[in-house]
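Only one structure is covered here, and it is reproduced in the block below.
Here the structure is a predicted model, which means the values were calculated and not measured. Counting starts at 1 for both ligands and their atoms, in listed order.
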Amino acid sequence: MTQEKVLRATRLSGVKGMNDLLPADGPFWHALERHLAGWLDSYGYVGMRTPVLEQTTLFRRGIGEVTDIVEKEMFSFTDRLNGDELTMRPEFTAGIVRAAVEHNLLYNGPQRVYSIGPVFRHERPQRGRYRQFHQVDVEALGFAGPDVDAELIIMARRLWNDLGLKEVRLELNTLGSPAERQAHRAALITHFERHAAVLDEDARRRLHSNPLRILDSKNPAMQEIVEAAPRLDAYLGAESRAHFDGLQSLLADAGVEYRINPRLVRGLDYYNLTVFEWITSELGSQGTICGGGRYDGLIELFGGKPAPAIGFAIGMERLVELARRSADLESRARCDVYVAHAAQDAAKAARLAFRAAEALRDCGIDVVTHCGGGSFKSQMKKADASGAELAVLIGDDEASAGEVSVKPLRREAGQERIAIDKLAERVIALLPSILPSTTP
Ligand code: ATP
Ligand code: MG
């Protein structure tokens, strides 16, 4: 067989760990994305988009060499056309900060920005953990906090509330300043060196490069020495304490509940001061739906004028799985009207169908026009499955009169004949609650 024939005969499949979003799930994602856009608007965050591909050095420098992401999770490759070293973004922050510096975005003051899109990590695929997944990424660039730290947390809580998610809890920690972390780091190294015999391979490798990450270890054999390790709070200075206190009093005032978790360090190098995660117990072991923190040194590290910043990222797949159980977002995603047409003079009926549908769309009504022929009976099944409130019908009588009939699909009611130029008005009268212009 020639290569081409082999290719044609083999059924191709998608890349492992990368999901197709199929029509059964599309409406919920779409409705959720619309909800997210409104939620982001309501806090003054504006959208920006950066490319999926960035120079590999951006992530190595930004996220840090000795992190899970850079060590083993990046989709990196050499562009064979010009030798560039490129990486599919494993997160948004580095790219957004790169763009902010490159385009001098902070020249006119701080910026609240967000991005929604795919990110890529080469992990072992399992429920809630994919190789291509999606994040809602929110960043407050140029804000020193702690006011904006509180805003971001309160904002996330509003989203969980809006979506009816009850079992999401907040874990909070402070990582202090780089100098405080340095002093703590030295103390950690001394501590773990004293217990070198108990350290596993990962921990030994990280001992001198990233001892903080040893605190994150899930190895049961190491829990005792991890528990006994020196804690960062002993090294915090007045400024870091004031920042953390300021954040906590704003959270308390807003009635946000949280637990301080001194072991929460987050897997990326660029964080300082505030770090937090929102965790649910309803998704099994992949329960973190949102993680974030402050990264006051990153803008300068990327060559910008020093400026503080903080942000968080929500995992969309995990959010969808949770929100689907409680949020009723889909009703607005369905079409309003299904146009069915079947007549002796099929061409005439089709022309009427298209005219009717376009007239309705002129008035902001969502319409699916039946395509592909078939009996009225089979078309009405499709109309029912579409979720439409109303059907517009064109049979022999309507076609010869140049009119249409309207029939409610979700309640007992007869159909009524109407001229096409009166159709939109009548449909609006029958559908008052679902048209945006008439919604209070
Ligand atoms: P985890 O501890 O689950 O590996 P992380 O700390 O690596 O998470 P972040 O870098 O903080 O995750 O990413 C923000 C959010 O993106 C996470 O809270 C999670 O909801 C989601 N997320 C992270 N990795 C994946 C993945 N492989 N598949 C799906 N969602 C993910
Ligand atoms: Mg991870």
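Distances from atom 28 (N) of ligand 1 to the heavy atoms of F120, Y130, W278 put Y130 nearest. The heavy atom nearest to atom 10 (O) of ligand 1, out of those in R121, E321, R266, is found in R121.
Salt-bridge check for E151 with R158: failed, with every basic side-chain N at 4.0 Å or more from each acidic carboxylate O. For E91 and R121, the salt-bridge test fails: no basic side-chain N is under 4.0 Å from an acidic carboxylate O. For the pair D68 and R213, the salt-bridge criterion is met [side-chain N within less than 4.0 Å of a carboxylate O]. Salt-bridge formation is detected for the pair R361/E358: a Lys NZ or Arg NE/NH1/NH2 atom is positioned less than 4.0 Å from an Asp or Glu carboxylate oxygen. Taking the charged nitrogens against the carboxylate oxygens, D384 and R410 do have a contact shorter than 4.0 Å, which makes a salt bridge.
Within the listing of ligand 1, atoms 15 (C), 16 (O), 20 (O), 21 (C) sit less than 4.0 angstrom from a heavy atom of G315. Taking a cut-off of under 4.0 Å to the non-hydrogen atoms of Q135, the atoms of ligand 1 that pass are 13 (O), 14 (C), 15 (C), 16 (O). The C290 neighbourhood of ligand 1 comprises atoms 18 (O), with distances under 4.0 Å to a heavy atom of that residue. Using a 4.0 Å cut-off to heavy atoms of T288, the atoms of ligand 1 that qualify are 17 (C), 18 (O), 19 (C), 20 (O). Of all atoms in ligand 1, listed by their number and element, those nearer than 4.0 Å to a heavy atom of A313 are 14 (C), 15 (C).
Remark: the Q286 side chain and the Q126 side chain contain an N/O donor-acceptor pair separated by less than 3.5 Å. Under 3.5 Å, the side chains of S209 and E65 contain no donor-acceptor pair of N or O atoms.
Within a 6.0 Å sphere centred on CZ of R241, other residues, nucleotides and ligands contribute more than 12 heavy atoms.
The backbone of I289, and not its side chain, has at least one atom closer than 4.0 Å to an atom of ligand 1 (non-hydrogen atoms only; backbone = N, CA, C, O). Neither the backbone nor the side chain of E91 comes within 4.0 Å of ligand 1, counting heavy atoms alone.
Heavy-atom separations between H134 and ligand 1 are all 4.0 Å or longer. Using a 4.0 Å cutoff on heavy atoms, E123 counts as a contact of ligand 1.
Ligand 1 has an N or O atom lying under 3.5 Å from an N or O atom of R318, backbone or side chain.
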